[in-house]
Chemist: 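Pasting a structure below so you can have a look.
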Amino acid sequence: KINGFLLKPADFEPGKKYPVVLDIHGGPHSTHGYAYFHQLQLYAAKGYAVIYVNPRGSSGYGEEFAEAVLGIYGTKDMEDILNGVDYALAQYDFLDESQVAVTGLSYGGFMTNWIVTHTDRFKVAITEGSICNWISMHGTSDISPGFIEREFKGQTSFEELWEKSPLKYVDQVKTPILIVHAEDDIRVPIEQSEQFYSYIKRQGKVARFVRIPECTHVMLQNGAPDKKEARLSAMLDWLAEHMPTE
C-alpha cells in the first residue's frame, strides 16, 4: 500500500474543477507526512489542489520499502507516483485531469526530469536542484561516490549510469519546464541543470532557467529570505503562465 495526500485549494467550492500540482519529495529516502510544508500550502492558497505521494523508496515504512528502488530508479517509484495521481483523479471529481503539473526537488527533481522525458501527460513541470546526468553527478557531487554505488547497487559503469540519466532521453521532452538551481549547490552541482536546460533549448522547446545566487542545496532550510521569496515567486509565475487558476 502506498500513502498519498491531497490538499484542497483555498476557498474550495464544490462543483468547480481545479488545476493540480503533483509534488515529489527528495531523497529518495525522505517522506511526506502530516506536517505543515509552506510550499504546498502556498500552492493551495493560490488555487491549486496538491497531490503528494510516498512511493517505494520513501522512509517511514520499513527498510524493505525504503530499499525497494535501489538499482532501479525511475521504475517502481515512478509507477507509484503516477498511480497515486491516477487514483486521486478517479476519486475526486474536482480535480482537472487536463491541468496537472509535476514538481520536485533533488531526487524529486530527478524524478520530474525522468517523467517529462518518458511521458507528456503533464501540462507543465518545475524541476529544482535536479539530476539529469548520473555520469557527471557521480564525479562532481559532495555526496561521495559511495552513495551512488549503494543506490545503484554497483551499476556505475558509464553505460549503466547513462541509461538511468534523463539527459539521454532529452529529445522526448514536450512539457514546458522551469529549471531552478542554487548556484552554490555542491550536493547536486549546477552543471546538472545547465546541461538539461541547454539541450532542451537547443531543440527549441519551452524552458526557463532560474539561478539562485548565494544559496546551496538546502536553501529551503538556510537560504536568505529574499532568495526564498524569489524562488517561490518564479515557481508561481511559471504555473500561472502555463496553468493559471481563476
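Computed from a prediction, not measured in an experiment: that's the story for all the values here.
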Chemist: Side chains of Y36 and Q41: do they bring a donor and an acceptor to under 3.5 Å?
Modeler: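 Y36 vs Q41: no donor-acceptor pair found between side chains.
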
Chemist: Between K153 and E160, is there a salt bridge with N-O shorter than 4.0 Å?
Modeler: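 No, E160 and K153 are not salt-bridged.
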
Chemist: Looking at T127, is its backbone amide N or carbonyl O close enough to the side chain of T112 to form a donor-acceptor pair, meaning the two atoms are under 3.5 Å apart?
Modeler: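 Not at all, since once roles are kept as given, no pair shorter than 3.5 Å links the two residues.
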
Chemist: Taking the side chain from T117 and the backbone from W114, do they hold a donor-acceptor pair closer than 3.5 Å?
Modeler: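 Side chain of T117 to backbone of W114: a pair is present.
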
Chemist: Report yes or no: do K17 and Q99 form a side-chain donor-acceptor pair below 3.5 Å?
Modeler: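 Result is no, nothing qualifies.
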
Chemist: If every non-hydrogen atom of N113 is compared with every non-hydrogen atom of S130, which pair is closest and at what distance?
Modeler: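 Closest heavy-atom pair between N113 and S130: ND2-OG, 3.0 Å.
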
Chemist: Would you check if there is a donor-acceptor pair between the side chains of S136 and Q192 at a distance under 3.5 Å?
Modeler: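 Q192 vs S136: donor-acceptor pair found between side chains.
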
Chemist: For L105 and L220, which heavy atoms make the closest approach, and how far apart are they?
Modeler: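 Minimum heavy-atom separation between L105 and L220: CD2-CD1, 4.0 Å.
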
Chemist: Side chains of T156 and W134, heavy atoms from C-beta outward: is any pair under 4.5 Å?
Modeler: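 Not in contact.
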
Chemist: Testing K174, E241, H242, K201 one by one against V206 for a side-chain contact (heavy atoms from CB on, under 4.5 Å), which residue passes?
Modeler: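 Of the listed options, the one satisfying the test is H242.
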
Chemist: Do the two ring centres, one from F209 and one from F196, sit under 6.0 Å apart?
Modeler: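 Between F209 and F196, the centre distance exceeds or equals 6.0 Å.
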
Chemist: Just by modelled atom types, is the V188 backbone N or O under 3.5 Å from a matching donor or acceptor in the S141 side chain?
Modeler: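 Side chain of S141 to backbone of V188: no pair is present.
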
Chemist: Using the rule side-chain contact (heavy atoms from CB on, under 4.5 Å), only one of T103, V210, L178, V180 pairs with W238; which is it?
Modeler: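 With W238 as partner, side-chain contact (heavy atoms from CB on, under 4.5 Å) holds for just one option, L178.
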
Chemist: Do we see a donor-acceptor contact under 3.5 Å between the side chains of N3 and Y61?
Modeler: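 Yes, a side-chain donor-acceptor pair sits under 3.5 Å.
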
Chemist: Atom CD of residue position E229 - does it have more than 12 heavy atoms of other residues, nucleotides or ligands inside 6.0 Å?
Modeler: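 Atom CD in E229 is not packed in, count stays at 12 or less.
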
Chemist: Would you say the ring centers of Y169 and H118 fall short of 6.0 Å from each other?
Modeler: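 Yes, they do, as the ring centres are separated by less than 6.0 Å.
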
Chemist: Indicate whether the side chain of T216 and that of D184 have a donor and an acceptor atom separated by less than 3.5 Å.
Modeler: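 No, no side-chain donor-acceptor pair sits under 3.5 Å.
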
Chemist: Between Q203 and Y199, do the side chains contain a donor N or O and an acceptor N or O under 3.5 Å apart?
Modeler: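 No, no side-chain donor-acceptor pair sits under 3.5 Å.
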
Chemist: Do H32 and Y52 have ring centres separated by under 6.0 Å?
Modeler: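 Close enough - the centres of the two rings lie under 6.0 Å apart.
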
